[in-house]
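To start, the structure itself, in structure tokens.
For clarity, every value in this text was computed on a predicted model and none was experimentally measured.
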Amino acid sequence: MAFWNKDEKHSAVTEEQILSALKQVQDPDLRKDIVSLGFIRNLKIDSGKVSFDLNLTTPACPVKDQLRDQAIALVKG
């Protein structure tokens with residue numbers, strides 16, 4: 001879902017760094033982070049490009065866009 005092209009001037013990004021950033025995104029109903037809830041799937045890092053799927057408990061989740069936007073912003077940051 002999210003894609004990020006890490007600037008080559010910086011050191012390579014790790015899965016641990018990405019998951020640490022994504023742990024800041026909290027599901028407001030379940031009051032836990034999206035990593036602990038298992039919402040992050042298919043995390044891939046290839047030549048500085050990061051991609052992952054954000055799988056929520058229901059496709060009709062009212063805050064899905066908010067969670068997606070927060071996740072993308074944190075990974076890009």
Side-chain angles (χ1 to χ4, degrees):
M1 171 175 270
F3 298 95
W4 177 43
N5 191 1
K6 184 76 173 165
D7 189 339
E8 292 186 27
K9 293 185 285 187
H10 302 292
S11 61
V13 65
T14 66
E15 183 173 317
E16 183 178 300
Q17 290 171 312
I18 298 300
L19 292 175
S20 178
L22 291 172
K23 283 182 180 181
Q24 297 177 61
V25 181
Q26 299 285 314
D27 182 297
D29 294 326
L30 302 174
R31 296 193 175 148
K32 288 191 173 188
D33 68 86
I34 61 174
V35 174
S36 297
L37 290 167
F39 292 173
I40 301 300
R41 306 265 173 90
N42 304 317
L43 175 60
K44 296 177 186 165
I45 303 169
D46 183 23
S47 300
K49 293 181 183 178
V50 175
S51 64
F52 58 88
D53 295 326
L54 177 59
N55 295 326
L56 304 176
T57 53
T58 175
C61 178
V63 293
K64 68 179 178 182
D65 292 338
Q66 175 187 342
L67 294 176
R68 181 200 62 222
D69 293 347
Q70 285 178 346
I72 292 171
L74 286 166
V75 170
K76 284 184 174 182

Next item on the list: Please identify each residue that fulfils side chain to side chain contact (heavy atoms under 4.5 Å, CB included) with Arg31, with sequence neighbours left out.
Entry: none
Item checked: Residue pair Asn55 / Arg41: nearest heavy atoms and the distance that separates them -> ND2-CG, 3.0 Å
Next item on the list: Could you tell me whether Asp46 and Lys49 have a side-chain N and a carboxylate O separated by less than 4.0 Å?
Entry: no
Notebook entry, point to check: Where do Leu19 and Val35 come nearest, in terms of heavy atoms and distance?
Noted result: O-CG2, 3.6 Å
Notebook entry, point to check: About how many Å separate CD of Gln24 and CD1 of Ile34, when rounded to the nearest 0.5 Å?
Noted result: 10.5 Å
Item checked: Non-hydrogen side-chain atoms of Ile40 and Asp53 separated by less than 4.5 Å -> no
Notebook entry, point to check: When rounded to the nearest 0.5 angstrom, what is the spacing between CG in Leu54 and CG in Asn42?
Noted result: 11.5 Å
Checklist line | Gap separating the NZ atom of Lys32 from the CZ atom of Phe39, nearest 0.5 angstrom | finding: 10.5 Å
Notebook entry, point to check: Roughly how far, to the nearest 0.5 Å, is CD1 of Ile18 from CD of Glu15?
Noted result: 9.0 Å
Next item on the list: Output the distance between atom CG (Asp27) and atom CG (Leu56), rounded to the nearest 0.5 Å.
Entry: 7.5 Å
Notebook entry, point to check: What is the minimum heavy-atom distance between Gln26 and Asp33, and which atoms define it?
Noted result: NE2-CB, 3.4 Å
Item checked: Taking every non-hydrogen atom, the tightest pair across Leu74 and Ala21 -> CD1-O, 3.4 Å
Next item on the list: Identify the two heavy atoms, one from Gln17 and one from Val13, that lie closest to each other, and give their separation to 0.1 Å.
Entry: OE1-CA, 3.2 Å
Next item on the list: Might you point out which heavy atoms bring Ile45 and Thr14 nearest each other, and give the distance in Å?
Entry: CD1-C, 3.5 Å
